[in-house]
Student: 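What follows is a structure written as structure tokens; I'll ask about it next.
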Protein chains: 2
Amino acid sequence: MSKKDQITRERILNEAEALFAKNGYDAVSVREITTAARCNLAAVNYHFGNKQKLYLDVFRARWVPRARRVQEYFREFLASRDTVSTSAVAQALAEAFLKGPLSDEERQRQSQLMTRELIQPTEAFELLAGEVLRPFFKELADTLKPFMPEGLGNEGIALNILSMFSMVIYFNFARVVVSRITGRDYDAAFKDRLVEQIVEFSINGLGGGKKKGA
Amino acid sequence: MSKKDQITRERILNEAEALFAKNGYDAVSVREITTAARCNLAAVNYHFGNKQKLYLDVFRARWVPRARRVQEYFREFLASRDTVSTSAVAQALAEAFLKGPLSDEERQRQSQLMTRELIQPTEAFELLAGEVLRPFFKELADTLKPFMPEGLGNEGIALNILSMFSMVIYFNFARVVVSRITGRDYDAAFKDRLVEQIVEFSINGLGGGKKKGA
DNA sequence: GTTTGTTTGATACAAATGTTTATATTAAAA
DNA sequence: TTTTAATATAAACATTTGTATCAAACAAAC
């Protein structure tokens with residue numbers, strides 16, 4: 001428990017985030033949150049106005065900062081490489097999102113909250129898109145542009161980024177399917193394997209890639 | 001309106017599916033459903049037992065059959081090709097899921113319902129996984145196996161399929177992001193473009209692919 | 001020590017929730 | 001026609017919901 005954890009407002013944010021991520025907005029009651037945060041029911045109203053605003057503040061105070069940390073990790077990973085290339089970008093992306101600076105629990109929360117907003121956008125999506133997604137996509141596009149085939153326009157680049165992104169996102173939020181299909185748990189070794197997969201697939205698609213056994 | 005639409009039970013299933021997909025299980029009340037279906041509140045209890053069982057029956061009676069139609073479309077598309085190859089499989093997959101036999105509304109519902117189950121699996125996920133996902137993955141793996149690099153084990157094949165799948169899924173449920181990033185609506189032309197993207201990326205990854213302009 | 005602004009606490013309340021019950025209506029069978 | 005089963009309806013149930021109220025406790029400033 002950090003020092004801030006003592007403060008009611010912070011405790012509420014923590015518990016609210018965990019519950020919203022796990023069960024979704026409507027399935028979580030204010031009472032659940034305040035009970036988990038060991039505070040009074042009225043505290044939510046006092047600190048955040050109402051449930052909706054609390055939900056939004058979870059994104060402001062938790063989701064967005066964490067997303068920034070992931071992006072920062074991505075930048076540093078890329079900077080640590082001697083040369084930038086498409087494969088380096090793909091690897092940095094996969095590393096940042098599948099391993100990166102977040103704990104496994106944080107990673108799950110993060111992708112659950114985002115995916116919920118993708119399926120059914122609320123006000124939080126505007127925040128998420130404006131403050132995180134758009135700028136990061138622009139950054140990625142600028143980074144990748146020099147290494148892309150000549151004729152590929154901005155749209156082509158965008159779609160390539162989205163393709164990489166889809167894997168990163170999917171391998172995070174669809175763990176239950178990935179585990180069921182591959183029969184593997186999300187331990188460190190498997191995450192390494194997934195990073196490898198994303199990088200290889202991003203570079204070579206289905207056919208190529210380094211042959212593992214042969 | 002079909003003939004079956006006259007029957008209360010079917011009307012409830014239709015409206016329940018639409019509402020569950022759009023707003024999620026907890027955000028939808030039984031009253032909303034019965035109002036939309038123009039029937040009495042108690043009809044849900046009478047025909048399905050309770051709300052949970054109705055939700056499950058939506059998957060049984062609507063989702064699973066539709067998924068089968070998509071898979072059938074995939075098979076026929078693949079069979080119509082003179083030769084089977086990785087690219088043919090990728091194309092059939094993208095065509096089936098992004099265009100295929102479903103209406104655009106159906107496609108959205110389908111992926112919304114599934115994605116909700118991926119984020120937060122309920123009993124419906126077991127149905128979905130056992131009756132649809134697993135068999136289809138096995139079918140895909142068997143189809144692709146002969147064309148995969150020698151050393152690639154079953155896990156490698158599975159991960160490649162999942163990588164393709166991630167794009168197909170993502171481009172369906174994250175429309176709001178894809179549209180915002182690319183600035184394009186999900187019309188026929190853009191869906192063609194997405195199919196092309198998925199196929200190209202699946203075959204060549206980032207670097208290769210046919211140069212569009214140059 | 002008093003005052004001031006902030007935070008917490010217990011309680012209240014109207015609205016909405018899923019479910020049940022008892023009754024009415026309709027359709028089919030005898 | 002009478003009987004029987006299937007379906008639909010209206011009303012009520014006990015809970016749970018988000019939010020509001022108001023007094024108590026608290027900390028900091030004067």
Side-chain angles (χ1 to χ4, degrees), chain A residues 1-62 113 116-117 120-124, chain B residues 1-62 113 116-117 120-124:
Chain A
M1 289 218 190
S2 70
K3 192 184 72 188
K4 288 231 165 182
D5 229 48
Q6 306 298 78
I7 295 163
T8 303
R9 198 189 129 93
E10 300 296 315
R11 283 205 317 275
I12 293 176
L13 279 171
N14 290 340
E15 301 299 332
E17 189 196 11
L19 287 167
F20 283 147
K22 189 149 71 109
N23 305 326
Y25 181 84
D26 294 284
V28 177
S29 71
V30 178
R31 281 170 180 81
E32 265 184 273
I33 296 169
T34 52
T35 300
R38 302 183 312 282
C39 69
N40 190 266
L41 173 63
V44 161
N45 200 288
Y46 175 75
H47 285 285
F48 304 94
N50 58 33
K51 189 186 174 186
Q52 271 283 353
K53 288 177 187 164
L54 165 59
Y55 178 74
L56 219 65
D57 267 349
V58 163
F59 277 84
R60 259 195 282 268
R62 293 282 183 274
L113 286 172
R116 288 187 193 282
E117 282 297 320
Q120 191 183 352
T122 72
E123 215 183 326
Chain B
M1 289 217 190
S2 69
K3 192 184 70 186
K4 287 233 164 182
D5 230 46
Q6 305 297 80
I7 296 163
T8 303
R9 197 189 130 91
E10 300 295 317
R11 283 205 318 276
I12 293 177
L13 279 171
N14 290 340
E15 303 297 333
E17 190 196 10
L19 287 167
F20 283 147
K22 189 148 72 106
N23 305 324
Y25 181 84
D26 294 285
V28 177
S29 71
V30 178
R31 281 171 180 81
E32 266 185 90
I33 296 169
T34 52
T35 301
R38 304 182 311 283
C39 70
N40 189 269
L41 171 64
V44 161
N45 196 279
Y46 177 74
H47 285 286
F48 302 94
N50 57 32
K51 190 188 175 186
Q52 271 283 353
K53 287 178 187 163
L54 165 59
Y55 178 75
L56 219 65
D57 267 349
V58 163
F59 277 83
R60 260 195 281 268
R62 294 283 183 273
L113 285 173
R116 288 187 192 281
E117 282 297 320
Q120 192 182 352
T122 72
E123 216 183 325

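Order of the sequence lines sets the chain letters (A, B, ...), proteins ahead of strands, with each chain counted from 1. Computation of the quantities below employed the complete heavy-atom set of this structure, encompassing side-chain atoms and omitting hydrogens, waters and symmetry-equivalent molecules.
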Student: Does the side chain of B:N45 get closer than 4.0 angstrom to OP1 or OP2 of C:dT20 through an N or O atom?
Tutor: yes
Student: Send over the distance from B:R31 CZ to C:dG18 P, rounded to a whole Å.
Tutor: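 Spelled out: CZ on B:R31 to P on C:dG18 is 7 Å.
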Student: Just verifying a value: how many Å separate B:T34 OG1 and B:N45 CG, rounded to the nearest 0.5 Å?
Tutor: 11.5 Å
Student: Can you work out whether A:R9 or B:Q52 has the more 5'-proximal nearest nucleotide on DNA chain C?
Tutor: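 Looking at the nearest nucleotide for each, A:R9 comes out on the 5' side.
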Student: Taking the six-membered ring of B:Y25 (Phe, Tyr or Trp), confirm whether the NZ or CZ of B:K51 is under 6.0 Å from its centre and within 45° of its axis.
Tutor: yes
Student: With a 4.0 Å cutoff (strictly under), does any side-chain N or O of B:T8 reach OP1 or OP2 of D:dA8?
Tutor: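 Result: yes.
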Student: Expressed as a whole number of angstroms, how long is the span from A:R38:CZ to C:dG9:C1'?
Tutor: 16 Å
Student: For A:K51 and D:dA20, what is the distance between atoms NZ and C1' respectively, to the nearest whole Å?
Tutor: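 Interatomic distance, NZ of A:K51 to C1' of D:dA20: 17 Å.
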Student: To the nearest angstrom, how far is A:E32 atom CD from C:dT17 atom C1'?
Tutor: 15 Å
Student: Once you round it to whole Å, what is the distance between P of C:dT23 and CG of B:L41?
Tutor: 19 Å
Student: At under 4.0 Å, does any side-chain N or O of B:H47 touch on OP1 or OP2 of D:dA8?
Tutor: yes
Student: If you look at every strand shown and take non-hydrogen atoms under 4.0 Å, does B:N40 touch a base, only sugar-phosphate, or nothing?
Tutor: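 Here B:N40 touches the bases of the nucleic acid.
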Student: Count the heavy atoms belonging to other residues, nucleotides or ligands that lie under 6.0 Å from CD of B:E123, then report whether that count exceeds 12.
Tutor: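 For B:E123, atom CD is not crowded (no more than 12 foreign heavy atoms under 6.0 Å).
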Student: Write down the distance between NZ (A:K53) and C1' (D:dT19), rounded to a whole number of angstrom.
Tutor: 12 Å
Student: Check step by step if side-chain contact (heavy atoms from CB on, under 4.5 Å) holds for B:F20 and B:R116.
Tutor: CA-CA 10 Å; B:F20 283 147; B:R116 288 187 192 281; over 6 Å; no
Student: Between B:Y46 (OH) and C:dT21 (P), how many Å, whole number?
Tutor: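 Going from OH in B:Y46 over to P in C:dT21 covers 16 Å.
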Student: Nearest whole angstrom, please: distance from the P of D:dA6 to the CZ of B:F48.
Tutor: 17 Å
Student: First locate atom CZ of B:R11, then atom CD1 of B:I33, and finally report the distance between them rounded to the nearest 0.5 Å.
Tutor: 13.5 Å
Student: Distance check: side-chain N/O of A:S29 vs OP1/OP2 of D:dT16, anything under 4.0 Å?
Tutor: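 Answer is no, no contact under 4.0 Å.
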Student: Identify whether any heavy atom of B:A42 sits under 4.0 Å from a base atom; if not, whether one sits that close to sugar-phosphate; answer base, sugar-phosphate or nothing.
Tutor: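 Base, at least one base heavy atom under 4.0 Å.
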